[in-house]
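Beneath this line is the structure, given in structure tokens, with notes to follow.
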Amino acid sequence: MAKFLTSREENYSQWYNDLVIKADLAENSAVRGCMVIKPYGYAIWEKIQAELDRLFKATGHVNAYFPLFIPKSFFSREAAHVEGFAKECAVVTHYRLKNDESGKGIVIDPEAKLEEELVIRPTSETIIWNSYKNWIQSYRDLPILINQWANVVRWEMRTRLFLRTAEFLWQEGHTAHATAGEAIEEARRMIDLYAGFAENSMALPVYKGSKTESERFAGAIDTMAIEALMQDGKALQAGTSHFLGQNFAKAFDVKFTDQDGKLDYVWATSWGVSTRLMGALIMAHSDNNGLILPPKLAPLQVVIIPIYKTGSDLEKISEYAEKIKTDLGKAGLSVKYDTRDTQTPGWKFADYELKGVPVRIAIGPRDIANNTVEISRRDTLEKSTIPFTGIKEHVTELLEKIQVNIYNKALAFRNQNTHYCNTWKEFKEIINGKGGFVMAHWDGTAETEARIKEETKATIRCIPFDSVPEEGKCIYSGKPSSRRVLFAVAY
RNA sequence: CGGGGUGUAGCGCAGCCCGGUUAGCGCAUCUGGUUUGGGACCAGAGGGUCGCAGGUUCGAAUCCUGCCACCCCGACCA
């Protein structure tokens with residue numbers, strides 16, 4: 001089985017690449033570092049989008065859209081911001097092409113040089129706060145709770161499908177508030193929302209916490225993140241939410257008059273998740289047979305496959321199958337009845353396993369005779385034969401069970417691979433060995449953090465919100481520490 | 001951007017070192033037939049600017065130079 005995929009044990013990153021390609025999720029394009037998201041992959045992204053969009057709206061946010069291009073000068077207004085992004089910006093310098101004089105091909109028209117270059121957004125804080133300046137005068141104009149679904153470009157050196165591409169799709173929330181407290185609350189609300197989404201919809205357990213200063217978003221006061229563990233023991237940052245203080249308000253001169261008539265700068269947050277979530281989803285659950293998708297995000301939840309020898313067999317099976325399809329459809333499930341006679345049942349079984357369809361129903365003459373169906377779950381590959389009556393209830397329950405089981409499995413793995421280390425030796429053994437998360441004491445200095453990174457590649461993923469105060473000694477420097485932080489080698 | 005590797009049919013590869021008929025093989029595709037409860041079988045067919053540009057040579061997939069792309073490992077990052 002699974003001779004079409006490189007196995008996880010053999011080469012985890014090759015397995016991931018194979019899976020993305022063979023499950024027809026995405027492929028590389030003619031443009032370096034940019035991917036084509038194929039229909040099946042995009043369907044999963046649409047499910048992710050739909051649920052997140054619902055959650056954003058349920059917490060009072062609205063969608064808007066800002067330009068792809070940002071005047072170069074906007075970036076220099078916030079010092080830390082420009083420093084963080086300058087190295088990976090694509091820049092538009094001209095607005096016209098013309099035929100080459102020599103008659104061969106087309107060239108940039110040197111006369112069509114832009115007076116001010118435009119940066120293709122790597123993130124939209126600057127262009128958005130430039131607009132907010134005009135929208136905000138009084139506390140009555142606040143808060144502004146806006147989200148944008150967009151593409152952004154970050155000219156990365158090394159790219160990998162979904163995990164790191166030069167162009168990616170994401171959503172970015174940009175909110176404006178009258179008080180620091182309100183903004184902090186908002187930033188925290190959104191990281192909680194992301195964590196809830198990861199756990200409930202993606203079946204992906206995450207650690208929540210704040211980044212250290214060196215890992216913080218360029219221009220933020222506090223960056224909060226959710227961190228997930230992949231099957232190879234590496235961590236993946238799955239979402240971030242930033243408390244931006246008054247940095248962008250100051251950079252773009254966004255002031256408002258409060259209830260006491262005093263003028264103050266506006267407080268900001270921004271938060272986002274990207275198509276990288278697709279990578280997390282793929283890597284966290286899948287196996288050597290292919291994708292394993294949580295039912296809540298599977299574009300196709302149930303597939304029905306007929307097994308027949310003759311045309312009259314197929315007729316009977318189809319009648320039976322169509323009933324099931326209609327029935328399950330009424331229960332709100334997405335069901336496909338695959339009647340293609342160009343592929344054999346065995347081929348279809350393998351293909352839908354590769355694509356991670358959670359539940360498969362096979363119907364053959366045997367089932368017609370016995371009034372049964374064969375039902376198979378993708379997460380455990382278990383098969384059973386069940387009676388035709390009550391199939392709707394059975395499938396609905398099974399999908400819920402699968403959702404829970406996938407989560408529990410990922411949680412167990414995450415917990416088994418979260419180690420509490422007290423010595424440097426032990427720390428290195430785990431990080432260099434099996435990997436995983438390490439909860440360890442840290443003296444709070446950027447120097448120690450950098451040294452640890454240099455020696456082991458491990459970084460502080462976050463200072464977990466729920467880490468309990470505890471007296472200890474930094475594993476590296478031996479200096480006193482009051483709480484453990486979360487280390488891992490990250491993607 | 002540094003180190004290593006690879007570019008030959010849609011995909012995966014052999015051929016290259018040691019230049020010489022019509023560039024092979026597996027998978028996939030197409031046609032016909034038999035099949036169909038875990039990636040079916042037989043027969044036949046189609047498909048190639050040998051990554052690109054120069055050079056050496058009577059002759060280049062093969063040798064030389066330059067470039068480009070991709071993969072792996074580092075630094076950077078969601």
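Here is the naming used below: chain letters follow the sequence lines, and residue numbers restart at 1 for every chain. Here the structure is a predicted model, which means the values were calculated and not measured.
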Which value, in whole Å, describes the distance between the [atom1] atoms of nucleotides [N] and [M]?
{"N": "B:U56", "M": "B:C70", "atom1": "P", "result": "32 Å"}
{"N": "B:G12", "M": "B:C71", "atom1": "C1'", "result": "15 Å"}
{"N": "B:C25", "M": "B:G46", "atom1": "P", "result": "13 Å"}
{"N": "B:U49", "M": "B:G10", "atom1": "P", "result": "7 Å"}
{"N": "B:C64", "M": "B:C16", "atom1": "P", "result": "14 Å"}
{"N": "B:G15", "M": "B:A61", "atom1": "C1'", "result": "8 Å"}
{"N": "B:U62", "M": "B:A23", "atom1": "P", "result": "15 Å"}
{"N": "B:C72", "M": "B:A60", "atom1": "P", "result": "36 Å"}

Side chain of [X] (C-beta onward), nearest among [options]:
{"X": "A:N28", "options": "B:G37, B:G39, B:C70", "answer": "B:C70"}
{"X": "A:D351", "options": "B:C76, B:G37, B:G39", "answer": "B:G39"}
{"X": "A:T344", "options": "B:G38, B:U36, B:C71", "answer": "B:U36"}
{"X": "A:S376", "options": "B:C72, B:G38, B:C76", "answer": "B:G38"}

Would you kindly compare A:N17 and A:G239 by the position of their nearest RNA chain B nucleotide and give the one closer to the 5′ end?
A:N17
Start at the 5' end of RNA chain B and walk down; is the nucleotide closest to A:R160 or to A:F168 reached first?
A:R160
Output the rounded distance in Å from [atom1] ([X]) to [atom2] ([N]).
{"X": "A:D24", "N": "B:C11", "atom1": "CG", "atom2": "C1'", "answer": "13 Å"}
{"X": "A:I304", "N": "B:G37", "atom1": "CD1", "atom2": "P", "answer": "19 Å"}
{"X": "A:R340", "N": "B:G39", "atom1": "CZ", "atom2": "C1'", "answer": "12 Å"}
{"X": "A:Y491", "N": "B:C76", "atom1": "OH", "atom2": "P", "answer": "18 Å"}
{"X": "A:L163", "N": "B:C76", "atom1": "CG", "atom2": "P", "answer": "18 Å"}
{"X": "A:Y16", "N": "B:C71", "atom1": "OH", "atom2": "P", "answer": "13 Å"}
{"X": "A:L161", "N": "B:C70", "atom1": "CG", "atom2": "C1'", "answer": "12 Å"}
{"X": "A:I368", "N": "B:G37", "atom1": "CD1", "atom2": "P", "answer": "16 Å"}

Taking the ring centre of each residue, are A:F243 and A:F217 less than 6.0 Å apart?
no
What does [N] pair with, Watson-Crick or G-U, if both distances are under 3.5 Å?
{"N": "B:A60", "result": "none"}
{"N": "B:G44", "result": "B:C30"}
{"N": "B:G37", "result": "none"}
{"N": "B:G12", "result": "B:C25"}
{"N": "B:G74", "result": "B:C1"}
{"N": "B:U65", "result": "B:A53"}
{"N": "B:G19", "result": "none"}

Sole residue of A:R77, A:E78, A:H174 in side-chain contact (heavy atoms from CB on, under 4.5 Å) with A:E125
A:H174
A:L277 and its side-chain contact (heavy atoms from CB on, under 4.5 Å) partner, picked from A:Y194, A:W170, A:F162, A:F197:
A:F197
Atom of A:F56, atom of A:L193 and distance for their closest heavy-atom approach
CE2-CD2, 3.7 Å
Below 3.5 Å, does any donor atom in the side chain of A:R164 face an acceptor in the base of B:C77, or the other way round?
yes
Ignoring hydrogens and geometry beyond distance, is the side chain of A:Q343 in donor-acceptor contact with the base of B:G39 at under 3.5 Å?
no
Within 45 degrees of the axis of the six-membered ring of A:F465 and under 6.0 Å from its centre: does A:K208 put its NZ or CZ there?
no
Does A:K453 place a side-chain N or O at less than 4.0 Å from the phosphate oxygens OP1/OP2 of B:C76?
yes
Answer with base, sugar-phosphate or nothing: what part of the nucleic acid does [X] contact at a heavy-atom distance below 4.0 Å?
{"X": "A:E156", "value": "base"}
{"X": "A:K457", "value": "sugar-phosphate"}
{"X": "A:R360", "value": "base"}
{"X": "A:D367", "value": "base"}
{"X": "A:E374", "value": "base"}
{"X": "A:T165", "value": "base"}

When you compare the side chain of A:I324 with that of A:F388, does any pair of heavy atoms fall below 4.5 Å?
yes
Would you say that A:D338 contacts A:I304 through its side chain, given a criterion of any heavy-atom pair below 4.5 Å between the two side chains?
no
Under a 4.0 Å N-O cut-off, is there an ion pair linking A:E185 with A:R189?
yes
